[in-house]
Protein chains: 2
Amino acid sequence: MSSPPDPSSWATGRLLSTAARLVEHEWDAHLDRWGLNHSGFAVLRMVSGGPRSQRELAQAMQVEDQTMSRVLDRLERHGHVTRERSTTDRRRVEVTLSDTGRVAVAEAGSDDAAERLFAGAVEDLPALRAQLARVVDVLSARRWSAG
Amino acid sequence: MSSPPDPSSWATGRLLSTAARLVEHEWDAHLDRWGLNHSGFAVLRMVSGGPRSQRELAQAMQVEDQTMSRVLDRLERHGHVTRERSTTDRRRVEVTLSDTGRVAVAEAGSDDAAERLFAGAVEDLPALRAQLARVVDVLSARRWSAG
DNA sequence: AGACGATGCTCAGCAGGCTGACCATTCGAC
DNA sequence: GTCGAATGGTCAGCCTGCTGAGCATCGTCT
């Protein structure tokens, strides 16, 4: 008898979180084949544009440094990425895509499964994206700025 | 020089997750005053309609039983909720809102701060909600059904 | 050169997600 | 009544988030 969930009556925050979790879940299932998950994959894509410092990656992903550190632990452990201290600034750690990482990101992202995930679930994808981008803009400014 | 994030070029999944995290973060900051967070608050609101079993709560929140178990641990530890074995079916645990829980949920949810959070960040809230609700509908059906 | 703040990263600990494995109780079929 | 499957919760372990604290290096200012 347990009634099916009725999302249209939920608070907006819960709607957002639940949708995000469901998408991550499907995406993770797809990426599992390469030993990746949604966060690792996003980092890999970022690093595929050339070596990056951890701080740069953390800021790009809108995440704390400590979180990025552990995501990179996992990527390194799986051989998707290498880390070495910068020679010019020994505080920095240069994160570089490995060959297996390059293959993984290419294969996992080839058939843009990421966006096909939304097929049938979204009426107007560009509109949804625009609204979400605006939320991210406003709230991340509110969070990471001086004020 | 580090360029500010440009969400409009992100993958949709990442957009969704990031927006959700930012909203949770602000919401948690508000609820912290009552020893609550976004997940605990949502559970509390659910229980305020009368005692529920843990399984019911888990399904309503679209979460695994184990996750709900630990959220309730915390709510119980903070005295927001009481748990007692059902007398008619001793496998079930009845979760009941406590007095302090009732006060907390009333105060924290009074000035609907939850929705004001989106003021200025969203153009057409009903449209956003409708799109998100559809995503949740489709993906949760895909996940929790037999198929 | 020395001192001191800013910067880049890691460690420890908490929380909410998840999976897999397990236990207790109930229900149904025999 | 007994046995076995279904049901309701928990334990352990992993992952990504967060905060708070600490360490090493770099820059700057005197």
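Note on naming: letters A, B, ... go to the chains in the order of the sequence lines (proteins, then strands), and numbering restarts at 1 for each one. Worth knowing before you read on, the calculation uses all heavy atoms, side chains too, and leaves out hydrogens, waters and symmetry mates.
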Discussion item. Does A:Arg91 contact C:dT7 through a side-chain donor or acceptor facing the base, at a distance under 3.5 Å?
Written reply: yes
Discussion item. Between B:Arg143 and C:dC18, is there a contact of a side-chain N or O with OP1 or OP2 at under 4.0 Å?
Written reply: yes
Discussion item. Side-chain N or O of B:Thr67 versus OP1/OP2 of C:dC18: is the shortest distance under 4.0 Å?
Written reply: yes
Response to the item:
5'-most contact on DNA chain D (nearest-nucleotide basis), A:Glu64 vs B:Arg85, goes to B:Arg85
Worksheet entry | Whichever of A:Val93 and A:His25 has its nearest DNA chain C nucleotide further upstream toward 5' | A:Val93
Fill in: Below 4.0 Å: OP1/OP2 of C:dT10 and any side-chain N or O of A:Arg83
yes
Worksheet item: At under 4.0 Å, does any side-chain N or O of A:Ser69 touch on OP1 or OP2 of C:dT10?
Response: yes
Worksheet item: Are any non-hydrogen side-chain atoms of B:Glu94 and B:Arg92 less than 4.5 angstrom apart?
Response: yes
Practice prompt. Just compare D:dT19, D:dT16, C:dT7 and give me whichever is closest to any side-chain atom of A:Asn37.
Written response: D:dT16
Worksheet item: Are there more than 12 heavy atoms of other residues, nucleotides or ligands under 6.0 Å from atom CG of B:Asp112?
Response: yes
Worksheet item: Side chain of A:Asp89: nearest nucleotide among D:dC26, C:dC9, C:dG17?
Response: D:dC26
Worksheet item: Closer to the 5' end of DNA chain D via nearest nucleotide, is it B:Gln54 or B:Arg21?
Response: B:Gln54
Fill in: Given D:dC14, D:dG17, D:dG9, the nucleotide with the shortest approach to the side chain of B:Ser53
D:dG9
Practice prompt. For D:dC15, take OP1 and OP2 only and decide whether either is under 4.0 Å from a side-chain N or O of A:Arg77.
Written response: yes
Worksheet item: Can a side chain N or O of B:Arg70 be found less than 4.0 Å away from OP1 or OP2 on C:dA15?
Response: no
Item to complete: Ignoring backbone atoms, test whether A:Gln66 places a side-chain nitrogen or oxygen under 4.0 Å from the OP1 or OP2 oxygen of D:dT16.
Response: no
Fill in: Phosphate-side-chain proximity, A:Arg74 and D:dC15, N/O vs OP1/OP2 below 4.0 Å
yes
Worksheet item: What class does the angle between the rings of A:Trp27 and A:His30 fall in, given that below 30° is parallel, 30 to 60° is tilted and above 60° is perpendicular?
Response: parallel
Discussion item. Quick check: any donor-acceptor pair below 3.5 Å linking the side-chain of A:Arg90 to the base of C:dG8?
Written reply: no
Practice prompt. Give a yes or no on whether B:Arg74 atom CZ has more than 12 heavy-atom contacts from other residues, nucleotides or ligands under 6.0 Å away.
Written response: yes
